Amino acid sequence: MRVLVVGAGAVGGYFGGRMALAGQDVTFLVREGRAKELAANGLVIKSPRGEAKLSSVKTVLTSQIDEPYDLVLLSCKAYDLDGAMDAFAPAVGASTTILPLLNGMCHLDRLGERFGRKSVLGGVCLIAATLDATRAIVQMTDMHAIVFGELDGVHSARVDAIAAALRAGGFDVDATDAIVQQMWEKWVFLATLAGATCLFRASIGNIVSVPGGEAALRALFDECGAVAASHGHAMRAPFAERSRAMLFAPGSALTASMLRDIENGLRTEGDHVLGDLLARRLPSPSSSSSSSPSPSPSLLELAYAHVKAYEVRHGR
Ligand SMILES: NC(=O)C1=CN([C@@H]2O[C@H](COP(=O)(O)OP(=O)(O)OC[C@H]3O[C@@H](n4cnc5c(N)ncnc54)[C@H](OP(=O)(O)O)[C@@H]3O)[C@@H](O)[C@H]2O)C=CC1
Ligand SMILES: CC(C)(CO)C(=O)C(=O)O
């Protein structure tokens with residue numbers, strides 16, 4: 001299977017790198033800067049599961065794509081989606097499958113509009129990874145999994161073939177018939193984690209240690225969960241239990257990558273992770289009444305406004 005990994009950042013570099021190390025036919029679609037870095041230093045993965053270096057990685061620039069690939073593994077940030085779609089469009093043929101690993105949900109519609117809904121699978125990745133100062137990929141915990149499947153939940157031959165190619169990489173792979181539900185669940189978890197750790201500028205452990213901290217986390221989790229439930233994707237009990245255990249854990253150093261982006265002065269995925277969830281909130285019956293006083297902003301509204309104000313201040 002010819003695989004084009006779009007972006008050799010934390011997610012694409014990790015999963016694509018593991019597959020390439022295992023001998024899979026993997027090419028990274030990169031921009032000039034990353035192409036030069038990879039040519040000079042190779043692709044380096046620093047991980048609790050062992051360090052790895054690929055001295056020679058296959059890379060391609062968009063102008064060099066000359067035929068379709070079987071699988072496009074999409075791992076750009078949400079704010080780069082339009083540019084990334086333009087860049088990998090020449091790699092999409094009649095039988096190409098696109099598997100996005102972005103957080104959030106609205107990229108599915110945008111990919112479907114551009115390439116046809118049938119070309120697009122749903123996917124989430126479970127990993128905590130980043131790039132360090134040397135542009136090596138650093139995996140911060142030993143969790144490394146991809147969960148994916150057909151958007152209509154049907155079990156297909158292409159899912160089996162892709163699962164086999166992914167599994168060769170040695171990370172956990174779950175081919176599921178409920179990927180849309182799983183994407184919503186991860187979204188609720190992440191929006192809570194990102195909204196709260198950004199608002200408080202603190203880890204989960206810090207937040208639950210202060211008066212009102214845990215109550216705020218619980219209220220935000222409930223608010224995000226209510227949006228998912230109103231779209232028919234109420235969080236299932238086992239995921240809700242695991243999420244609560246992580247979100248309310250005393251002493252936990254967990255933060256969202258969005259907080260790390262803010263602390264590093266970078267652009268965030270606030271629109272995609274917080275804004276889009278807010279936009280999907282159904283209006284409450286009382287909100288149409290002009291006589292009622294304007295209500296206080298909800299925690300999700302506050303979290304989103306806060307991230308947007310940061311972006312305005314930093315010109316992001
Ligand atoms: N990091 C994590 O632990 C997790 C991340 N995610 C999600 O995965 C997605 C990717 O995140 P992450 O890997 O951390 O992000 P990174 O910023 O580390 O990587 C994104 C990569 O995409 C590349 N890219 C963007 N546009 C293009 C383009 N037009 N052509 C080629 N390459 C392009 C960037 O290239 P360049 O170097 O040129 O800028 C960059 O290397 C996000 O949606 C994130 O929320 C999900 C779970 C965990
Ligand atoms: C869920 C989590 C924490 C995994 O790294 C994440 O995706 C993020 O912080 O962006």
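Whatever order the structure lists ligands and atoms in, that order sets their numbers, starting from 1. These numbers come from a predicted model, not from an experiment. Keep in mind that the numbers below use all heavy atoms, side chains included, and drop hydrogens, waters and symmetry copies.
Looking at His144 and Arg49, their side chains do bring a donor and an acceptor atom within 3.5 Å of each other. Judged purely by distance below 3.5 Å, without hydrogens or angles, the side chains of Glu269 and Tyr79 never pair a donor atom with an acceptor atom. One side chain, Ser203 or Asn206, offers a donor N or O that lies under 3.5 Å from an acceptor on the other. No donor-acceptor contact under 3.5 angstrom links the side chains of Thr176 and Asp174, judged on distance only. Counting only N and O atoms by type, the side chains of Thr130 and Arg260 include no donor and acceptor under 3.5 Å apart.
Polar contact check, Ile127 against ligand 2: a nitrogen or oxygen pair lies under 3.5 Å apart. Backbone and side-chain nitrogen or oxygen atoms of Leu131 are examined, and none is located within less than 3.5 angstrom of a nitrogen or oxygen of ligand 1. Geometrically, ligand 1 and Ile127 share a nitrogen or oxygen pair separated by less than 3.5 Å. For a threshold of 3.5 Å applied to N or O pairs, the pair formed by Ala87 and ligand 1 contains no separation below that value. For ligand 2, none of its N or O atoms has an N or O atom of Arg260 under 3.5 Å away. Between Ala10 and ligand 1, a contact under 3.5 Å exists for at least one N or O pair.
Residue-ligand proximity: Thr130 is placed with every non-hydrogen atom at 4.0 Å or more from ligand 1.
Nearest non-hydrogen protein atom to atom 1 (N) of ligand 1 is Ala129 O, 2.9 Å. Looking only at protein heavy atoms, the nearest one to atom 23 (C) of ligand 1 is Gly7 CA, 3.7 Å. Looking at atom 2 (C) of ligand 2, its nearest protein heavy atom turns out to be Leu190 CD1, 4.3 Å. Nearest protein neighbour of atom 13 (O) of ligand 1, counting heavy atoms only, is Val11 N, 2.9 Å. At the shortest separation from atom 10 (O) of ligand 2 among protein heavy atoms lies Ser257 OG, 2.5 Å. Looking only at heavy atoms of the protein, atom 31 (C) of ligand 1 is closest to Leu29 O, 3.4 Å. Looking at atom 17 (O) of ligand 1, its nearest protein heavy atom turns out to be Lys77 CE, 3.5 Å. Protein heavy atom in closest approach to atom 7 (O) of ligand 2: Asn103 ND2, 3.2 Å. Of the protein's non-hydrogen atoms, the one nearest atom 19 (O) of ligand 1 is Gly9 CA, 3.3 Å.
Under 4.0 Å from ligand 1, not a single heavy atom of Val273 appears. Counting heavy atoms closer than 4.0 Å to ligand 2, residue Leu193 contributes side-chain atoms (C-beta onward) but none from N, CA, C or O. Under 4.0 Å from ligand 1, the heavy atoms of Ser75 that appear belong solely to its backbone. At a 4.0 Å heavy-atom cut-off, ligand 1 touches Ala128 through the backbone alone. When non-hydrogen atoms are compared, ligand 2 lies under 4.0 Å from the side chain of Lys186 (C-beta onward) but not from its backbone. With a heavy-atom cut-off of 4.0 Å, Arg135 touches ligand 1 through its side chain alone.
The backbone N or O of Gly83 lies less than 3.5 Å from no partner atom in the side chain of Asp86, so there is not a single donor-acceptor pair. With Arg167 contributing its side chain and Ala164 its backbone, the two residues share no donor-acceptor pair below 3.5 Å. Between the side chain of Lys308 and the backbone N or O of Asp271 there is no donor-acceptor pair closer than 3.5 Å. No donor-acceptor distance shorter than 3.5 angstrom exists from the side chain of Arg110 to the backbone of Leu81, with no hydrogens or angles considered. With hydrogens and angles disregarded, a donor-acceptor distance shorter than 3.5 Å links the side chain of Trp187 to the backbone of Val273. No donor-acceptor distance shorter than 3.5 angstrom exists from the side chain of Asn264 to the backbone of Leu266, with no hydrogens or angles considered.
Proximity annotation for atom 9 (C) of ligand 1: of Gly33, Cys76, Ala8, Cys76 comes nearest, heavy atoms only. The option with the heavy atom closest to atom 7 (C) of ligand 1, from among Asn103, Leu126, Leu74, is Asn103. Compare Glu269, Arg31, Lys186, His272 by their heavy atoms: the one nearest to atom 45 (O) of ligand 1 is in Glu269.
Here is the list of ligand 1 atoms found below 4.0 Å of a heavy atom in Gly83: 29 (N). For ligand 1, the atoms lying closer than 4.0 Å to a non-hydrogen atom of Leu102 are 43 (O). Listed by number with element, the atoms of ligand 2 under 4.0 Å from a non-hydrogen atom of Ala128 are 5 (O). Residue Cys125 approaches ligand 1 through these ligand atoms, each under 4.0 Å from one of its heavy atoms: 46 (C), 47 (C). With ligand atoms numbered from 1 in the order given, ligand 1 contributes 29 (N) to contacts under 4.0 Å with heavy atoms of Ala84. Counting atoms of ligand 1 from 1 in the listed order, those under 4.0 Å from a heavy atom of Asp80 are 25 (C), 26 (N).
Among all heavy-atom pairs drawn from Ala8 and Val30, the shortest one is CB-CG1, 3.9 Å. Scanning all heavy atoms of the two residues, the minimum distance from Thr96 to Tyr69 falls at OG1-O, 2.7 Å.
Between His314 and Tyr310, the ring centre distance stays below 6.0 Å.
A cation-pi arrangement is present between Arg218 and Phe248, with the terminal nitrogen or guanidinium carbon under 6.0 Å from the aromatic centre and inside a 45° cone about the axis.
Counting non-hydrogen atoms of neighbouring residues, nucleotides and ligands closer than 6.0 angstrom, the CD atom of Gln64 exceeds 12 such neighbours.
Using a cutoff of 4.0 Å between basic side-chain nitrogens and carboxylate oxygens, Arg280 and Asp276 are scored as salt-bridged. Taking a cutoff of 4.0 Å between a charged side-chain nitrogen and a carboxylate oxygen, Arg236 and Glu185 qualify as a salt bridge.
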